[in-house]
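Read the structure below first, then the notes.
Worth knowing before you read on, the calculation uses all heavy atoms, side chains too, and leaves out hydrogens, waters and symmetry mates. Lettering of chains follows the sequences in order, A, B, ..., and the numbering in each one begins at 1.
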Protein chains: 2
Amino acid sequence: MTDQSPPKPQPDQPRLGEIGLTNYAPYLMNRIMGRYNASLRDEMAGLGLTTPKMRALAVLSVIDGPLIRELSVYSVVEQSTLSRALDQLAGDGLIRREADAVDSRATRVFITEAGRAHFETLWPRMAEAHERMFRGIPPEERRAFVGTLQKMLANIRKHEI
Amino acid sequence: MTDQSPPKPQPDQPRLGEIGLTNYAPYLMNRIMGRYNASLRDEMAGLGLTTPKMRALAVLSVIDGPLIRELSVYSVVEQSTLSRALDQLAGDGLIRREADAVDSRATRVFITEAGRAHFETLWPRMAEAHERMFRGIPPEERRAFVGTLQKMLANIRKHEI
DNA sequence: CGGGGATATTTGCAAACGCATTTAAATCTG
DNA sequence: CAGATTTAAATGCGTTTGCAAATATCCCCG
């Protein structure tokens, strides 16, 4: 027998029962990244970029020539999805696939000049979303936060990249 | 003219170029939540639960009788996706939809006893994934981290729920 | 050094997703 | 208070996704 009392619309204060959720890190992180990613996705949509394409481009602007499998991990995009995103990026001349020198099963991915230029035009939007997220949070607190994230990343990657 | 030097397989140390990424909070958060959600999704798959269904159930275990629109925000699931997830959960008798008393456009969602019981069996898995994520991070640091997340959540929700 | 298993990537296909639209009801406005 | 606008939820439909299988290559071991 659960509490079946009639639903009462409540003030837009945080609800009592939500207090649990808003102290739960995974919940907060999903909420935050959900909105961050959605807002970025909306901005990129007009530029013909999907989230997987944008992420691949972002990672490639920093890491030169990863294997597709590695890029999949770094960009947090499933391999088959990434494979198709790369098809499109290559079609647009933003990246280039190149057979690995020593393992001919493997493919390395490189960003082209056009791809890098394209990403430069995207970057300000991403930086803006980032800054919005951290507004009012002092540098010292930001550093500590990133430090904790790094520990968490180390925890979750079992013995992978 | 970018550096087109031949690709060299590198040791599985963090790559030089990655240092930028691993100091960038949104990147780290996407990496961490990507794996957290994937591992949870894999565990739930065997139990007939998708991510939207699991999230809805989790939120409903804490918040009683939200509007579907509110549940959509809390559970970070797109409204149309949530609508269909609720169809399934209702079909399985885990939740119940009920017309709002004062606004007959709106629907409130309640978890059933069966739904609550089902969620109780799920919860240990979620807690385990959570604990794995925070392994080795002391309580004080965890608290500070959650505090920062709460500020971030306040930043990104414009003037919504 | 040949065969069995592992690994890298792509592709087929069914399911899931999300945008846009629809339906229904509430609210605002003159 | 009628008509126009906004809001809540469901649904139609084309696109995207991701699992699993296919393909190709590598590596290990007897």
Applying salt bridge (Lys or Arg N to Asp or Glu O under 4.0 Å), can you list everything that pairs with B:E78, at least two apart in sequence or on another chain? none
Confirm from the modelled atom types if A:R105 and C:dT9 form a donor-acceptor pair under 3.5 Å, side chain to base only. no
Which angle, rounded to 10°, do you find between the first-five-pair axis and the last-five-pair axis of the helix from C:dC1-D:dG30 to C:dG30-D:dC1? 30°
Please report, rounded to the nearest Å, how far the C1' atom of C:dG18 is from the CG atom of A:N37. 15 Å
Give a yes or no on whether a salt bridge exists between B:R108 and B:E98, defined as a side-chain N under 4.0 angstrom from a carboxylate O. no
Between A:I68 (CD1) and D:dA24 (P), how many Å, whole number? 16 Å
Give a yes or no on whether a salt bridge exists between A:R125 and A:E131, defined as a side-chain N under 4.0 angstrom from a carboxylate O. no
Does the separation of the ring centres of A:Y27 and B:Y74 fall below 6.0 angstrom? no
Which is true for A:S80 with a 4.0 Å heavy-atom rule: it touches a base, it touches only sugar-phosphate, or it touches nothing? base
Euclidean distance, atom CG of residue B:L82 to atom C1' of C:dA16 [Å, nearest integer]: 14 Å
Mind calculating the distance between CG (B:D100) and P (C:dA24) to the nearest angstrom? 19 Å
side-chain contact (heavy atoms from CB on, under 4.5 Å) evaluation trace for A:E120 with A:S61: CA-CA 9 Å; A:E120 292 311 315; A:S61 78; 5.6 Å; no
Quick check: on DNA chain C, is the nucleotide nearest A:D42 upstream (toward 5') of the one nearest A:R97, or the reverse? Name the residue that is more 5'. A:R97
Any donor-acceptor pair, under 3.5 Å, between the side chain of B:R84 and the base of C:dG18, if you only look at N and O atoms? yes
With the side chain of B:P52 defined as its heavy atoms from C-beta on, choose the nearest nucleotide among D:dG18, C:dC17, C:dA8. C:dC17
Quick check on the 6.0 Å ring-centre criterion: do B:Y36 and B:H130 meet it? no
Roughly how many Å is it from CD in A:Q79 to C1' in C:dG12, rounded to a whole number? 16 Å
A:L86 atom CG is separated from D:dT17 atom P, nearest whole Å, by 12 Å
Classify the side chain of A:S104 versus the base of D:dC26 as yes if they form a donor-acceptor pair under 3.5 Å and no if they do not. no
Whether the B:T148 and A:E141 side chains hold a donor-acceptor pair (N or O, under 3.5 Å, no angle test) is what I'd like checked. yes
Among the candidates D:dC19, D:dA8, C:dT9, find the nucleotide nearest to the side-chain atoms of B:A106. D:dA8
Whole-Å distance separating the CZ atom of B:R69 from the P atom of D:dT6: 16 Å
B:E78 CD - C:dA20 P separation (whole Å): 11 Å
side-chain N/O A:R41 vs D:dT16 OP1/OP2, d < 4.0 Å: no
